[in-house]
Amino acid sequence: MTTTRPQSRLVDELQRRTLLHDLTEGAADHLAEAPRTVYIGFDPTAASLHLGSLLPVMGLLHAQRAGHTPIALVGGGTGLIGDPSGKTAERQLLSKEDVARNADGIRAQLEHFLDFGSVSNAARMRNNLDWLSGLPLVDFMRDTGKHFSVNQMLAKESVKRRVEGDEAGISFTEFSYALLQSYDFLELYRTEGCTVQMGGSDQWGNITAGIDLIRRVEGARAFGVVFPLITQSSGVKFGKSEAGAVWLDPEMTSPFRFYQYWINVEDADVVRYLRFFTLLEVDQIADLADKVESEPHARTAQRALADDVTRRLHGETGLASAKAATQALFGGDVAGLGADEISDVFADVPSSEVTRDALGGEGKSLIDLMTESGLASSKGDARRSIDGGGVYVNNVRVEDAARALTTEDTIDGRFLLIRKGKKQYHLVAIRG
RNA sequence: GGUGGGGUACCGAAGCGGUCAAACGGGGCAGACUGUAAAUCUGCUGGCAUAGCCUUCGGAGGUUCGAAUCCUCCCCCCACCA
């Protein structure tokens, strides 16, 4: 890691990148004085992190680059409870097996961003199930619960909304969440010397609760740093594509779709995202911002963003395959590609199979093919899409809704490429 | 427990005996324009066959030639009162 002016970098860097929403008193000095240990919690609600967690991950990355020791805390224990923050309804509880499996998946993904290796400030991973599951209830009530005021907890926004609002109310389980997260901070303070917790701005209440607990129990100072909430200028929730949430796991969101998500970021957001999600220097980002103005059609900023983020997560290989598919789909002429190239390029694109026999004789109707492949939700839907001029076979628009496809229509007898709209591709492989 | 108001398609919200597969808005999908952007405009948005049928308006019955619309019972929400 950088050694010249190590620690003071973190807060400055976050500020330069407009990643700093708020910090507790003294946090900046504390981080500037010496290498510290900082942590962020991740909820193992799914087997993969999604884009909503990317900002905190970048936060840990910045911390590590500034010379601090990052700890990723997987909420194996708290995941069994559910954080009421930002939720309007009671959570579905996960099984212990699910949580354990999800924690493993998350660890693997974090390794793309953080150095868990031999550096002196190597990242660490902890799972709060390790200390929460064996925690004696009575001890917890005496040593931890004693320090919490129900009056204050009720005053918290996330709780208040559930208690007073028209919504679903809140169970004791979720109400207690803040205690457990505070206890995590205390535990990491004791065992890892961790003095700083970071998180999304929605975590502010939980973080300050932990700071209070450490002060009361240990008489020590701890600090908090929170990131802004990411918004999308169109108002849509960040991290959602047409196909739903964008995941970090390549099995759940292919490198191609991941790359495409970033390429499609609108102009109004792209500069901010460059600051948030890449390590490009601020002046480089300023250059890209100029390009958004001067030559918007080139999409230079979007490309830089997509390249950088995809490379970090999926490596050069993943990036290369995503770009190859992109080039073929949006740049080149798909019909001109050979079957071998197609199977390569479209490895990432949704696909299905059909037997050669089915394409014999009269062939198979495009409508059936579309419903079977999921491009259309029903035959009527498929028919309407075709009538509306939104369906293409091998990149040629289909005019006739009754169109049947035969072996004549295949590329080298091996593939059919169906496209709906501009971006939804489906590859049909011919079997037999 | 009492009184009043509600439950309509993905969401919000009209409709209150036939012209209702159900207005309108949002969302979604597609087309045009572009830059794989935004904005704008246009079309589509229950299923299957194509101007015909089937399944939908909290649930179950009933009245009627005919019900989302009327009646009965039940379930669930909300407001006020106890």
Side-chain angles (χ1 to χ4, degrees), chain A residues 88-90 162 164-169 231-246 253-274 277 288-307 309-310 319 321-334 345-346 348-350 365-393 395-404 417-426:
Chain A
T88 51
E90 186 81 9
R162 293 273 293 274
E164 295 174 359
D166 302 334
E167 309 292 342
T231 54
Q232 200 166 303
S233 55
S234 56
V236 183
K237 200 175 174 217
F238 169 76
K240 294 272 199 263
S241 72
E242 315 82 47
V246 176
T253 298
S254 69
F256 168 71
R257 289 219 318 275
F258 185 83
Y259 182 84
Q260 283 291 318
Y261 178 84
W262 298 105
I263 282 285
N264 279 297
V265 165
E266 54 196 81
D267 292 4
D269 293 323
V270 69
V271 173
R272 207 157 34 99
Y273 291 178
L274 280 164
F277 300 114
L288 289 166
D290 289 343
K291 293 217 164 92
V292 174
E293 291 296 322
S294 61
E295 39 175 42
H297 54 278
R299 309 178 64 74
T300 315
Q302 276 89 344
R303 283 176 214 283
L305 174 65
D307 279 14
V309 182
T310 308
L319 175 61
S321 85
K323 288 182 84 163
T326 295
Q327 179 57 31
L329 263 46
F330 297 102
D333 174 19
V334 176
V345 161
F346 291 91
D348 255 3
V349 162
S365 84
L366 176 57
I367 287 176
D368 287 343
L369 222 40
M370 284 180 69
T371 51
E372 286 165 20
S373 66
L375 273 179
S377 60
S378 70
K379 292 186 180 185
D381 184 36
R383 188 184 311 277
R384 282 189 292 269
S385 291
I386 299 171
D387 285 341
V391 177
Y392 309 74
V393 169
N395 265 8
V396 178
R397 178 177 283 169
V398 176
E399 308 285 348
D400 176 16
R403 171 78 176 276
L417 187 63
I418 307 176
R419 182 181 124 208
K420 180 179 163 221
K422 271 195 188 68
K423 300 172 193 173
Q424 292 184 64
Y425 281 87
H426 186 93

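Below, each value reflects all heavy atoms present in this structure, side chains not excepted, and no hydrogens, waters or symmetry copies.
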Contact list (N/O, under 3.5 angstrom) for nucleotides 48-52 of chain B vs protein:
unit_1: C48(B); atom_1: OP1; unit_2: Lys379(A); atom_2: N; d: 2.8
unit_1: C48(B); atom_1: OP2; unit_2: Ser378(A); atom_2: OG; d: 3.3
unit_1: C48(B); atom_1: OP2; unit_2: Lys379(A); atom_2: N; d: 3.4
unit_1: C48(B); atom_1: OP2; unit_2: Gly380(A); atom_2: N; d: 2.8
unit_1: A49(B); atom_1: OP1; unit_2: Lys379(A); atom_2: NZ; d: 3.1

Item to complete: Kindly write out the residues that satisfy side chain to side chain donor-acceptor pair (under 3.5 Å) with Lys323(A), not counting sequence neighbours, or none if the list is empty.
Response: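 Once residues adjacent in sequence are excluded, the partners of Lys323(A) under the side chain to side chain donor-acceptor pair (under 3.5 Å) criterion are Asp307(A).
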Item to complete: Please name all residues satisfying side chain to side chain donor-acceptor pair (under 3.5 Å) with Ser378(A), sequence neighbours left out, ordered by chain then number.
Response: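 Applying side chain to side chain donor-acceptor pair (under 3.5 Å) to Ser378(A) gives none.
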Worksheet entry | Those residues that, when tested against Tyr392(A), pass ring-ring contact (aromatic ring centres under 6.0 Å, His included) (two or more places apart) |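 For Tyr392(A) there are no ring-ring contact (aromatic ring centres under 6.0 Å, His included) partners, ignoring immediate neighbours.
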I'd like a list of close polar pairs between nucleotides 41-45 of chain B and the protein, N/O only, cut-off under 3.5 Å.
unit_1: C44(B); atom_1: O2'; unit_2: Arg384(A); atom_2: NE; d: 3.2

Fill in: Set of side-chain contact (heavy atoms from CB on, under 4.5 Å) partners for Ala401(A), sequence neighbours left out
Arg383(A), Ile386(A), Asp387(A)
Discussion item. So, using side-chain contact (heavy atoms from CB on, under 4.5 Å) as the criterion, who are the partners of Ala376(A) when residues are at least two apart?
Written reply: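 By the side-chain contact (heavy atoms from CB on, under 4.5 Å) rule, Ala376(A) matches Met370(A), Thr371(A), Asp381(A), Ala382(A).
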Discussion item. If the condition is salt bridge (charged side-chain N to carboxylate O under 4.0 Å, His left out), which residues does Arg403(A) pass it with, not counting sequence neighbours?
Written reply: Asp409(A)
Worksheet entry | Set of salt bridge (charged side-chain N to carboxylate O under 4.0 Å, His left out) partners for Lys420(A), sequence neighbours left out | none
Side-chain donor-acceptor distances from residues 292-305 of chain A under 3.5 Å, at least two apart:
unit_1: Ser294(A); atom_1: OG; unit_2: Asp290(A); atom_2: O; d: 3.1
unit_1: Arg299(A); atom_1: NH2; unit_2: Ile263(A); atom_2: O; d: 2.5
unit_1: Gln302(A); atom_1: NE2; unit_2: Val265(A); atom_2: O; d: 2.8
unit_1: Gln302(A); atom_1: NE2; unit_2: Asp267(A); atom_2: OD1; d: 3.0
unit_1: Arg303(A); atom_1: NE; unit_2: Ala298(A); atom_2: O; d: 3.1

Worksheet, complete the sentence: Here the residues of residues 297-307 of chain A within 4.0 Å heavy-atom distance, strictly under, of RNA chain B are His297(A), Arg299(A), Gln302(A)
Discussion item. Any side-chain N or O of Tyr392(A) below 4.0 angstrom from OP1/OP2 of G31(B)?
Written reply: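 True: Tyr392(A) side-chain N/O within range (under 4.0 Å) of G31(B) OP1/OP2.
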